[in-house]
There are 2 protein chains.
Amino acid sequence: MRAVDIIAKKRDGQALTSEEIKFFVNGYAAGEIPDYQASAWCMAVLLKGMTDAEATAYTLHMAHSGDVLDLHHIAPCVVDKHSTGGIGDKTTFVVAPLVACHGLPVGKMSGRGLGFSGGTIDKLESIRGFNVSLTTPEFMDMLAKHGIVVSGQSADLAPADGKFYALRDVTATVESLPLIAASIMSKKIASGADAIVLDVKVGKGAFMHTIEEAEALARLMVKIGQGMGRKVSAILSDMNQPLGDAVGNALEVKEAIATLHNGGPADFREHCLICGGKMLELAGKAANLEEAKAMLAKSLADGQAWQKFVEWITAQGGDLSQLEQPETLPKAPHIETVSSQRGGYIKAMDAAEIGKTVVDLGGGRYKKGAPIDYSVGIVFHAKIGSRLTVGAPLFTVHANNSVKLQDACVRLMDALTWSFDPVAAPPHTLKIINAES
Amino acid sequence: MRAVDIIAKKRDGQALTSEEIKFFVNGYAAGEIPDYQASAWCMAVLLKGMTDAEATAYTLHMAHSGDVLDLHHIAPCVVDKHSTGGIGDKTTFVVAPLVACHGLPVGKMSGRGLGFSGGTIDKLESIRGFNVSLTTPEFMDMLAKHGIVVSGQSADLAPADGKFYALRDVTATVESLPLIAASIMSKKIASGADAIVLDVKVGKGAFMHTIEEAEALARLMVKIGQGMGRKVSAILSDMNQPLGDAVGNALEVKEAIATLHNGGPADFREHCLICGGKMLELAGKAANLEEAKAMLAKSLADGQAWQKFVEWITAQGGDLSQLEQPETLPKAPHIETVSSQRGGYIKAMDAAEIGKTVVDLGGGRYKKGAPIDYSVGIVFHAKIGSRLTVGAPLFTVHANNSVKLQDACVRLMDALTWSFDPVAAPPHTLKIINAES
């Protein structure tokens, strides 16, 4: 078997066998197949597609390219949550401790920034000392002791996916339904979660632009997970504007902290309650979603979620003082608030352009391994449906130099569409997809 | 401008601007754009195509990624010939000295083996001491002194193409019409030839399987060349069976030597006369193709072509004794002749399978930079239309171990199709395409 023949077969639109996929995945993981063959293959997959059977085989071989954790000696049910990536998505920071403080262990592996969307691991690293590189024994130990752990993808778990994930980011091969589904599910399978809630973003600021695409991805992932004996549900949520108000690594950590103090933007808080609620429901900790949401709202109000957050972050080496004094998180030297020069309603926001603006401010990356400036980003003071008067604050840009700051301000103004007539704020949760029985 | 955006634009089927192509070509040549981005881009180009304007821009920027030679101080007209690659194509060995001995300077840069088809540079290297790595001054000096030079692609000339060419070989991105056209023409443009004869192969053993595809490629290349002020013609020639009898590096050198001694297989000799004749005609050295062919046939008969060959090979460091005693060229330890077990006519040969068999014998490569065994290969004693009796020799396999030898014999038997009824030998020259005036 030869890598070049497998690339050619997929290039020609043929379905690969499980054996061929295994050869390619294991060869790439082992370094025998070089990056340049893997990227050509990814482009061929993106343009020619995969059958469900190919996607399932690809997921399996990626999951089995390293250790597959069995966490049942720790708890009968460990839950996980995964977002397909959006602008301003800091959900894990709130949902993980929120669910864990109800005695439901959360063991999660996350990724780095991919295209215009941020990554939880980058956001976590904006906290001084936080260790995202855990070995498998450390991951399991943390989960057993604290009932909560979030690490970068360990080199021992789904190592093939780690390599593919970084490569796709810089070769314009991210936006492939089977590659996205397999990447997500291989990590979930390998990290041993029994129940998984998938947060599939839909809109201009997401990989899936239409609800049809998102639903296809969600159903494929639910199918793959179900085939491997996991409980999986998917939430389709709106990403035509940023989630919450903050976009940028440290700025999002600050917003998550405010939310854990029972504050934070309403849309973000509600999203956390729905994701967390679905996790409780799936694990049998609540009879239904409404009951689960009420349980979680209580934990935000009484400080238990915050306590669990502090326990989690400090257990992984994060600096307590930065949590208690969020103003000591990385701070950009140039900060400017732009005000509205007109009255009216915000009708639309170009979420993708907002994401790209943050990348260009230095808050994301174009090449794998490139450094990130945690301090930069944007905080919005108005979103779709907001009514504004002349002079009302629109957004605040945090930049590391004045040229980038001015450029970002111009781009963000162009990213907003206005209306004289009132505009309804769009619904955030679009659909919930459960496994077919 | 960012490489990943250019990949994405092509992935989405949009036409790239000349500026975008220049950025990508120069970035890759300079090592700023890595192999894995270039291969993803090549796959996107292969699957999404290029407009003629894109292909022309790509050719231009590849040619101008390094020096572009001006040879007019050496001669008013320097000619070149290029084959798109086939099985057993050793034409350059005969045509270059044949044309050069008529006072028409031949300056040529050639490539290495690509997929199942051999490369002139590999074949030349089977001659002890032959130096394929010439600097630009050495190339020009050789051309001025001897009127003939063939080198590997100099690092100074079309360096971008050199990198793309090697990369495409191992990423299943060879078979793209605009990539093939641009690769060929960028080298021709950069190496300064005024007149170029393109030998476009058609059939199972060529990149172009149909005459329609081959004609499309030929017309695109003629168009690109014409746009840059060069005289260009293309010959479409059959590649449904090997050219000549020998396939494999040193074996082909031996066959070329026999042809230069006024012998050799008839189809190969005729092909050399047509290619060389077209070169003389294009450069104005003969009134028409028939007159040119007669001039060349005379040079084969009177030894002038052979003398020029010896002058050329030894000038580039090749060992004279190997030319005079071809049996001292690299020789495989295991040689076996397979005889026919039936009577009848050969109806078809799977030329691609023959090419792949030689690669698997060790005579070609799967990964860029991999070594080649010059000694291995096949000599056919029968071709399409041959009438055979039981026990008549079919082919001789030259291998470096007995297992590979047996494997090759079985594959070659399967690569032949038989007929009880007489079969006509197929025409070799299918069409000649000249520039539109």
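To find a chain, count down the sequence lines: A is the first, B the second, and so on, and within it residues start at 1.
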Which bit of [X] is near chain B, if near means a heavy-atom gap under 4.5 Å: side chain, backbone, both or neither?
X	value
A:Lys10	neither
A:Leu46	side chain
A:Arg2	side chain

Work out which heavy atom in B:Glu353 is nearest to a heavy atom in B:Arg411; give both atom names and the distance.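 Heavy atoms of B:Glu353 and B:Arg411 come nearest at OE2-NE, 2.8 Å.
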Intermediate values then yes/no, side-chain contact (heavy atoms from CB on, under 4.5 Å), B:Leu220 and B:Asp52: CA-CA 7 Å; B:Leu220 178 55; B:Asp52 285 1; 3.6 Å; yes
Contact winner vs chain A - B:Ile7, B:Asp12, B:Asp5, B:Thr173, heavy-atom pairs under 4.5 Å: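 Top option by heavy-atom pairs under 4.5 Å: B:Ile7.
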Between B:Ala38, B:Ala3, B:Ser39, B:Pro34, the one whose heavy-atom pairs under 4.5 Å with chain A are most numerous: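 Looking at each of B:Ala38, B:Ala3, B:Ser39, B:Pro34 in turn, B:Ser39 comes out on top.
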Under 3.5 Å donor-acceptor, A:Lys123 side chain and A:Asp89 backbone: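 Flag set: sc A:Lys123 to bb A:Asp89 pair under 3.5 Å.
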Using a 3.5 Å distance criterion without hydrogens, assess whether the side chain of A:Ser183 forms a donor-acceptor pair with backbone atoms of A:Leu179.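 Looks like no, no N/O pair under 3.5 Å.
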Relative to the ring of B:Phe164, is the ring of B:Trp41 parallel (under 30°), tilted (30 to 60°) or perpendicular (over 60°)?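 Rings of B:Trp41 and B:Phe164: tilted, 30 to 60°.
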